[in-house]
Amino acid sequence: MTVRFFSFGKDSVVDTFYAIGLVMRLCQSVSLLELLHIYVGIESDHLLPRLLQLTERIIILFVVITSQEEVQEKYVVCVLFIFWNLLDMVRYTYSMLSVIGISYAVLTWLSQTLWMPIYPLCVLAEAFAIYQSLPYFESFGTYSTKLPFDLSIYFPYVLKIYLMMLFIGMYFTYSHLYSERRDILRVFPIKKKKM
């Protein structure tokens, strides 16, 4: 008799969306409050890069994944959820402690460095999710519509345009985050609070 303590098979990856999709949609919806926090000054971050990051997640989660049941069973959904949660776990912990004036050198460094390999991987996974969803949007006609005056919106074209915009937005966001990282890590030893 063999005892398995941990099983991470095909079914667990395929069922990721069914297991935690509702929680992910709720958390990503609540994360829009960050924009309000930045606007009113609770968080000291730039609005546009944060808006781009949140917009890409909302579009991928609600438009691409949630609307196509066939995409929900793809491995890329599990990968995206892991990357998003890994980044958010570190970033939200760092932000929460920063707001109340507590800082730890390791957490600051991790918050300002972890995104460097993970964020581009997130964008690649998001692009792959879009790529995998295209055949379903084409065959089912989801979000494609005929407008008056013989005009129509063919949603797969919209997604292809968005795919290009995703990489342009990644460049802008990555540049901003890198500049922010340089500034924060340069002045961090001066601002460090002893516990």
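Basis for what follows: all heavy atoms, side chains included, without hydrogens, waters or symmetry-related copies.
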Any non-hydrogen side-chain atom of Met24 less than 4.5 Å from a side-chain atom of Leu80?
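Met24 does not reach Leu80 side chain to side chain.
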Are the side chains of Met89 and Leu86 in contact, using a 4.5 Å heavy-atom criterion?
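Yes, side chains in contact.
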Just wondering, more than 12 heavy atoms not from Glu69 lying within 6.0 Å of its CD?
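At most 12 heavy atoms, drawn from other residues, nucleotides or ligands, come within 6.0 Å of this atom.
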Listed pairs under 3.5 Å, donor-acceptor, residues 41-48 side chains, sequence neighbours left out:
none

Review item, side-chain donor-acceptor pairs of residues 119-132, under 3.5 Å, at least two apart:
| residue | atom | partner | partner atom | Å |
| --- | --- | --- | --- | --- |
| Tyr119 | OH | Glu56 | OE1 | 3.4 |
| Glu126 | OE2 | Trp84 | NE1 | 3.2 |

When clusters are formed by joining ILVMFWY residues with side-chain heavy atoms under 4.5 Å apart, either directly or through shared neighbours, do Tyr18 and Phe81 land in the same one?
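No, because Tyr18 and Phe81 fall into different hydrophobic clusters, even though each may have its own neighbours under 4.5 Å.
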Single-linkage hydrophobic cluster Leu185~Tyr178, side-chain heavy atoms < 4.5 angstrom
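Per the 4.5 Å side-chain linkage, Leu185 and Tyr178 are co-clustered.
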Linking Ile, Leu, Val, Met, Phe, Trp and Tyr through side-chain heavy atoms less than 4.5 Å apart, which residues share a cluster with Tyr154?
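Hydrophobic cluster check, Tyr154: joined to Tyr157.
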Tell me every residue that passes side chain to side chain contact (heavy atoms under 4.5 Å, CB included) with [X], counting only those two or more places apart in sequence or in another chain.
{"X": "Leu32", "value": "Leu35, Leu54, Ile58"}
{"X": "Arg25", "value": "Phe17, Leu22, Leu61, Phe62, Thr66"}
{"X": "Leu110", "value": "Val90, Leu114"}

Salt bridge (charged side-chain N to carboxylate O under 4.0 Å, His left out) partners of residues 89-118, not counting sequence neighbours, each pair once
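Listed by first then second residue: Glu34-Arg91, Asp88-Arg91.
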Listed once per pair and sorted, the salt bridge (charged side-chain N to carboxylate O under 4.0 Å, His left out) pairs that draw on residues 114-124, sequence neighbours left out
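Applying salt bridge (charged side-chain N to carboxylate O under 4.0 Å, His left out) to every pair that reaches into residues 114-124, excluding sequence neighbours, yields nothing.
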Show every donor-acceptor pair shorter than 3.5 Å between a side-chain atom in residues 161-175 and any protein atom, with sequence neighbours excluded, or say none if there are none.
| residue | atom | partner | partner atom | Å |
| --- | --- | --- | --- | --- |
| Thr173 | OG1 | Gly169 | O | 2.9 |
| Tyr174 | OH | Met116 | O | 3.4 |
| Ser175 | OG | Tyr171 | O | 2.9 |

Name the atoms and distances for all side-chain donor-acceptor pairs under 3.5 Å in residues 136-149, with sequence neighbours left out.
| residue | atom | partner | partner atom | Å |
| --- | --- | --- | --- | --- |
| Tyr136 | OH | Lys74 | NZ | 3.3 |
| Ser139 | OG | Pro135 | O | 3.1 |
| Ser139 | OG | Tyr136 | O | 3.4 |
| Thr142 | OG1 | Gln68 | NE2 | 2.8 |
| Ser144 | OG | Phe155 | N | 2.9 |

Are the side chain of Ser111 and the backbone of Leu107 linked by a donor-acceptor contact shorter than 3.5 Å?
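Checked: no pair found.
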